[in-house]
Amino acid sequence: MTQTRLDLARIRQARHVVDPVFLNTPLYRCEALEPVLGCAVSIKLETANPVRSFKGRGTELVASLLAGSAAPAAVCASAGNLGQALAWSGRTRGIDITVVAPRRAARVKLDRIRSLGARLELVDGDHEVARERAAAIARHEGIRLVEDSLDIETCEGAATIGLELVHSTPTFDTVLIALGGGALATGVGHVVRALAPGMEVVCVQPHGAPAMTLSWHARRVITTDSADTIADGVAGRRPIPAVLDDLLLVADDAVLVQEASITAGMRLLLDHAGLVVEPSAALGIAAILEDRDRFAGRHIVTIVCGSNIDMDAYRRLVGTSGVRI
């Protein structure tokens, strides 16, 4: 494999830095899903932790570096999950955290950011507007700007999931990974490519927020004017060139799925696995629903990456998807 920005030795070392509460998350075969999907399905459950997403693995690395500075402080832009994770990691180490979020972000995510002691600033517009504001705050206050996927710690923290997958029994034919900014996909993909090259790495993104997938297929950065999807955790419009370069080296495919398939996947995870998940976490199941023939007879592992969703919104989505399973 041509070199990515990631380093396997640092990823292994990260397991000694990340709080154990984020490590060794449940991984199990969900046989109840298999008659519906036509393939063996295992779930890597990244919601069983204090911030209900995989993001804590990366923010633990960021916070460990900041903890020794004279006046530790950081700012990030987030639709909610990164902000919660950075707030949690910062609080345990005495780091002042500011999170800039779109005003329309899920209320449950915003409330949890506040409850973890972070300063929250809301902006009108989408995640890209929040990124610009966070960068301005970092410049003005002279503090660390934490940029998800660009900062290597966020990728290598997520990559520890890959270590847990490749050292598991049994082995898998394909791993399905939600694709947004790219930290999860490049992190897990790097480890899989290095240690289990026979495992296929497939990234999944909504049709309504396709920028990174379009960029992967074109092998160059493609931006979009808007992002319109229920999966707010992956709703970026401007891929980061360095992250795309990494993704091109580690992903075997990148696919787009419809909103109706995402909500159908959420309902399947509730009905057959007893899991309440946010839309981004159902992207892997959505990919199987849209291309059953491709995955038939294979053993698939999907990373259930987050469960931060307002329950009223969840009930509306899961109860009215209109898709027959």
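Side chains included, hydrogens not; waters and symmetry mates left out as well; all remaining heavy atoms used.
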Checklist entry - Does the side chain of I303 come within less than 4.5 Å of F54's, by heavy atoms? => result no
Checklist entry - So, for W216 and A251, which heavy atoms are closest and what is the spacing to 0.1 Å? => result CZ2-O, 3.3 Å
Checklist entry - Does CZ belonging to R220 count more than 12 external heavy atoms closer than 6.0 Å? => result no
Checklist entry - Does any N or O in the side chain of N308 come within less than 3.5 Å of the main-chain N or O of N81, such that one atom is a donor and the other an acceptor? => result no
Next on the checklist: Within the structure provided, determine whether E128 and T223 are in side-chain contact (heavy-atom separation under 4.5 Å).
Outcome noted: no
Checklist entry - Can you check whether L86 reaches V99 side chain to side chain, under 4.5 Å on heavy atoms? => result no
Checklist entry - Looking only at side chains, do T229 and E259 share a donor and an acceptor under 3.5 Å apart? => result yes
Checklist entry - Any ion pair linking D312 and R107 (charged N to carboxylate O, less than 4.0 Å)? => result no
Checklist entry - Shortest non-hydrogen contact from T59 to S89? => result OG1-OG, 2.9 Å
Item to check | Note, P210 side chain near T224 side chain (heavy atom, < 4.5 Å) | outcome: yes
Checklist entry - Within the side chain of R57, is there an N or O that forms a donor-acceptor pair under 3.5 Å with the backbone of F22? => result yes
Next on the checklist: Restricting to non-hydrogen atoms, name the atom on R10 and the atom on D7 that form the minimum distance, rounded to 0.1 Å.
Outcome noted: N-OD2, 2.9 Å
Next on the checklist: Main chain of I222, side chain of S215: is a donor-acceptor contact present, judged purely on distance under 3.5 Å?
Outcome noted: yes
Checklist entry - Counting distance only, does the side-chain N/O of Q84 pair as donor-acceptor with the main-chain N or O of R112 below 3.5 Å? => result no
Item to check | Minimum heavy-atom distance between E200 and D252, given as atom pair plus value | outcome: CA-OD2, 3.3 Å
Checklist entry - Hey, mind stepping through L23 and E164 against side chain to side chain contact (heavy atoms under 4.5 Å, CB included) and telling me if it holds? => result CA-CA 9 Å; L23 298 174; E164 294 167 20; 4.0 Å; yes
Checklist entry - Salt bridge or not for R133 and D124, using N-O below 4.0 Å? => result no
Checklist entry - Quick check: does any side chain N or O of D173 sit under 3.5 Å from a backbone N or O of H299, one acting as donor and the other as acceptor? => result yes
Checklist entry - Given side chains that start at C-beta, do those of I43 and L33 come closer than 4.5 Å, heavy atoms only? => result yes
Item to check | Under 3.5 Å donor-acceptor, E278 side chain and I309 backbone | outcome: no
Checklist outcome for this item: Between L256 and E290, the two heavy atoms sitting closest are O-OE1, 3.7 Å
Checklist entry - Is there a side-chain contact between L268 and L289 (heavy atoms, below 4.5 Å)? => result yes
Checklist entry - Do you see a donor-acceptor pair shorter than 3.5 Å between the side chains of R15 and N24? => result yes
Checklist entry - With distance as the sole criterion, is a donor-acceptor pair present between the side chains of S307 and R52 under 3.5 Å? => result no
Item to check | Contact check, side chains of I137 and E121, non-hydrogen atoms, under 4.5 Å | outcome: yes
Next on the checklist: For a quick test of reading the model, state the closest non-hydrogen atom pair linking A106 to D232 and the distance between them.
Outcome noted: N-OD2, 4.3 Å
Next on the checklist: Could you measure the distance from the CD atom of Q3 to the NE2 atom of H190? Nearest 0.5 Å is fine.
Outcome noted: 7.0 Å
Item to check | Residues, nucleotides or ligands: over 12 heavy atoms within 6.0 Å of D228 CG | outcome: no
Checklist entry - Could you give the distance from OG1 (T174) to CD1 (I300), rounded to the nearest 0.5 Å? => result 4.0 Å
Checklist entry - Can you tell me how far CD of E156 sits from CG of L8, rounded to the nearest 0.5 angstrom? => result 9.5 Å
Checklist entry - Between L179 and V234, is any pair of side-chain heavy atoms under 4.5 Å apart? => result no
Checklist entry - Within the distance-only criterion (no hydrogens, no angle test), does the side chain of R5 pair as donor or acceptor with the backbone N or O of L150 below 3.5 angstrom? => result yes
